[in-house]
Peer 1: 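Dumping the structure here so I can ask a few things about it.
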Amino acid sequence: MSRTPPYAAELRAALSHAVRGVDERELARATEALVARYRSVAPASAPILASRVHVAAYAAYRMPATHAALSRVLGYVADRGVAPRTLLDLGGGTGAAAWAAAGAFPSIQAITVLDQVEDALVLGRELVAHASAPALTDASFLRAVAGAWPDVEADLVTVSYVLSELDETAQAGLVSDAMRRGRAVVVVEPGTPDGYGRVLRVRDAFIGAGWTLVGPCPHVTECPLVQGDWCHFAARVNRSAEHRRLKGAELSYEDEKFSWVAAAAPGTLEPQASPGRILRHPLKRKGFVEFQVCRPDGTAGREVVSKKAGERYRAARDAEWGDPLP
Ligand SMILES: C[S@@+](CC[C@H](N)C(=O)[O-])C[C@H]1O[C@@H](n2cnc3c(N)ncnc32)[C@H](O)[C@@H]1O
C-alpha cells in the first residue's frame, strides 16, 4: 500500500498551484459540504461540483486519493497486458484517471476527458499544463453529459467514482456507452458495500456480453464473498500539509478504499491463467506469509506460502493487499 504512483508528486504540485488563489475558509467549507454529500449515496439531481470552489475543493481533497486508487488499478490492468494508445475518461472531472493512465501505460498517446461540469474541465486543463508527460499536456477536456457522449472511440475507457451519482438505469446506460466506445473498460467505485454492489452489476454486464475479465476477479463464477463482506482494496495516500489542513486531519496519510472491475472486449486479450487475488493485508510471519485470496476456481479462503517455496516466498513477502497471489 505504500507504493507511490508515478506523477503523484507532479500532480500534488499542480494541485497546490491551482488552489493557491482560492480563499481557504471557502475551500474548507466546500470540502465539508462535499464530504457530507459523498457520504450519502443518493443519485444527484444536479451537479455536485456546483461551483469553482467546489471543484477546487474536490481536486484538493479527493484527487490525490482517486489518483492513487486509479494508479493501482491501471497498474494491474497494464500487468495483464493491456497497453492502450488512447484513453477516454467518462465523467472524468478534473482528470485523475488521465494522470493515472499516463503513469501506468507507457503506450498512451491521446487522452480525452469528458464531463458535464465546465469548471472541472477548466481545472483539469490547468493541472495538466504543469505535467511533464506529453499525453497529459495534450489531453482534451471536453464538456459532455451522460447519455449524449460524443462518438469517440478508445482503446481504454475509464469510469471512476461516477456511478454513485446516477440512478441504476443511468448506471447501466453509462456502462454500455463505455463498452460501445472502448476495447477495454475499467470501472472504479468507493470501496464500500454500496460501491461493491454497483461494481458487481458492472461485472455481470461484462460477463453477459462475453467480455474477458481483466481483474480483480480470477474467475467468472458468482462472487464467493459471503453476506456482510465486500470485495475492496486500499491505496495509501500521503497527505500534504495543505491536505491535512483542509480535512482537519492529523495523520500524515490516509488509505483510500476502492472497489473495481475491468474487462476487455472479446478477442482483444491473449488468454492467460489467472492467479488468485489477495483480499486482505497479508499476515507476514516468521518463515511464512498467510493470505486471504479469491481463487481461480471461484472459492475464497486462506493460502500459505512458506519459506520452502523459495522464489515464490520472496515474492510473497513483497505482495500486498489487492495484488495477484504470487
Ligand atoms: C466524484 S466525481 C469523479 C471524478 C473523476 N472521475 C475522479 O475519479 O476523480 C464524479 C464526476 O462525474 C461527473 N458526472 C456525474 N454525472 C454526470 C453526467 N450525468 N454526465 C457527465 N458527467 C457526470 C461529475 O460532474 C463529476 O465530475
Side-chain angles (χ1 to χ4, degrees), residues 5 7-8 11 14-15 18 30-31 33-52 54-74 87-104 111-125 127-128 139 141-150 152 156-178 181 185-192 194-195 198-199 235 237 256-260:
Y7 299 127
L11 173 60
L15 281 169
T31 305
L34 289 179
V35 170
R37 179 59 186 84
Y38 287 127
R39 250 186 223 133
S40 101
V41 287
S45 51
I48 295 174
L49 301 181
S51 71
R52 268 201 68 218
H54 284 82
V55 168
Y58 178 83
Y61 108 89
R62 281 299 293 152
M63 212 178 156
T66 60
H67 174 252
L70 278 154
S71 297
R72 284 295 288 275
V73 169
L74 298 186
L87 172 79
L88 175 64
D89 187 23
L90 300 180
T94 48
W99 284 79
I111 295 175
T112 307
V113 179
L114 302 179
D115 201 280
Q116 63 181 354
V117 173
E118 187 61 41
D119 284 331
L121 300 165
V122 169
L123 185 59
R125 281 184 212 117
L127 294 174
V128 295
F141 287 79
L142 306 173
R143 189 159 183 278
V145 178
W149 306 115
V152 180
L156 176 65
V157 178
T158 44
V159 179
S160 76
Y161 295 89
V162 181
L163 296 184
S164 65
E165 299 192 11
L166 306 174
D167 64 35
E168 247 182 79
T169 311
Q171 289 173 27
L174 176 51
V175 172
S176 54
D177 284 347
R181 286 166 177 76
V185 173
V186 172
V187 174
V188 181
E189 281 289 291
T192 56
D194 237 84
R198 289 186 290 275
V199 162
V237 191
E256 171 67 11
K257 308 271 171 53
F258 58 93
S259 291
W260 67 284

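Order of listing sets the numbers, starting from 1, for every ligand and every atom in it. These values consider heavy atoms only, across backbone and side chains, with no hydrogens, waters or symmetry-generated copies.
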Peer 1: Using a plain distance cutoff, I'd like to know if Gly91 has any nitrogen or oxygen under 3.5 Å from a nitrogen or oxygen of ligand 1.
Peer 2: yes
Peer 1: Please name the pair of heavy atoms, one in Asp115 and one in Gly92, separated by the smallest distance, quoted to 0.1 Å.
Peer 2: OD2-N, 3.5 Å
Peer 1: Testing the basics here: between Ala97 and Thr158, what is the closest heavy-atom pair and its distance to 0.1 Å?
Peer 2: CB-OG1, 3.7 Å
Peer 1: I need the Ser71 OG to Leu11 CG distance, nearest 0.5 Å.
Peer 2: 9.0 Å
Peer 1: So is Tyr161 polar-close to ligand 1, meaning N/O to N/O under 3.5 Å?
Peer 2: no
Peer 1: Of the side chain and backbone of Pro47, name the one, both, or neither that has a heavy atom under 4.0 Å from an atom of ligand 1.
Peer 2: neither
Peer 1: In ligand 1, which numbered atoms sit nearer than 4.0 Å to a non-hydrogen atom of Ser160?
Peer 2: 3 (C), 5 (C), 6 (N), 7 (C), 8 (O)
Peer 1: Would you say Gly92 contacts ligand 1, with heavy atoms under 4.0 Å as the rule?
Peer 2: yes
Peer 1: Would you say Arg125 has more than 12 foreign heavy atoms packed within less than 6.0 Å of its CZ?
Peer 2: yes
Peer 1: Any chance you could measure Trp99, atom CH2, to Leu127, atom CG, to the nearest 0.5 Å?
Peer 2: 6.5 Å
Peer 1: Could you tell me, atom by atom, which parts of ligand 1 come under 4.0 Å of a heavy atom of Ala96?
Peer 2: 9 (O)
Peer 1: May I ask you to decide whether Glu256 forms a salt bridge with Arg62, counting only side-chain N to carboxylate O separations under 4.0 Å?
Peer 2: yes
Peer 1: What atoms of ligand 1 come within less than 4.0 Å of a heavy atom belonging to Tyr38?
Peer 2: 1 (C)
Peer 1: Report the nearest protein non-hydrogen atom to atom 26 (C) of ligand 1: residue, atom name, distance rounded to 0.1 Å.
Peer 2: Asp115 OD2, 3.4 Å
Peer 1: I need the atoms of ligand 1 closer than 4.0 Å to a non-hydrogen atom of Ala144, numbered in the order shown.
Peer 2: 21 (C)
Peer 1: Could you tell me, atom by atom, which parts of ligand 1 come under 4.0 Å of a heavy atom of Val117?
Peer 2: 25 (O)
Peer 1: Restricting to non-hydrogen atoms, name the atom on Gly95 and the atom on Phe141 that form the minimum distance, rounded to 0.1 Å.
Peer 2: CA-CE2, 4.0 Å
Peer 1: Using a 3.5 Å distance criterion without hydrogens, assess whether the side chain of Gln171 forms a donor-acceptor pair with backbone atoms of Leu166.
Peer 2: yes
Peer 1: Got the closest protein heavy atom to atom 18 (C) of ligand 1, with its distance?
Peer 2: Gln116 OE1, 3.4 Å
Peer 1: If you compare all heavy atoms of Leu156 against all heavy atoms of Val185, which two are closest, and at what distance to 0.1 Å?
Peer 2: CD1-N, 4.3 Å
Peer 1: So which atom in Leu70 and which in Ser160 form the shortest heavy-atom distance, rounded to 0.1 Å?
Peer 2: CD1-OG, 3.5 Å
Peer 1: Whether the side chain of Arg181 engages the backbone of Pro150 through a donor-acceptor N/O pair (distance < 3.5 Å, no angle test) should be reported.
Peer 2: yes
Peer 1: Of the protein's non-hydrogen atoms, which lies at the shortest distance from atom 3 (C) of ligand 1, and what is that distance?
Peer 2: Tyr58 OH, 3.2 Å
Peer 1: By number and element, which atoms of ligand 1 are closer than 4.0 Å to a non-hydrogen atom of Trp149?
Peer 2: 21 (C)
Peer 1: Looking at His54 and Ala33, what are the two nearest heavy atoms and their distance?
Peer 2: NE2-CB, 4.4 Å
Peer 1: Is the contact between Leu90 and ligand 1 made by the side chain, the backbone, both, or neither, using heavy atoms and a 4.0 Å cut-off?
Peer 2: neither
Peer 1: Please determine whether any non-hydrogen atom of Ala170 lies less than 4.0 Å from an atom of ligand 1.
Peer 2: no
Peer 1: Applying a heavy-atom cut-off of 4.0 Å, say which part of Glu165 lies close to ligand 1: side chain, backbone, both or neither.
Peer 2: side chain
Peer 1: Which atoms of ligand 1 are found less than 4.0 Å from any heavy atom of Gly93?
Peer 2: 27 (O)
Peer 1: Within a distance under 4.0 Å of any heavy atom of Ala146, pick out the atoms of ligand 1 and give their elements.
Peer 2: 18 (C), 19 (N), 20 (N), 21 (C)
Peer 1: What do we get for Ala120 next to ligand 1 when only non-hydrogen atoms under 4.0 Å count, side chain, backbone, both or neither?
Peer 2: neither
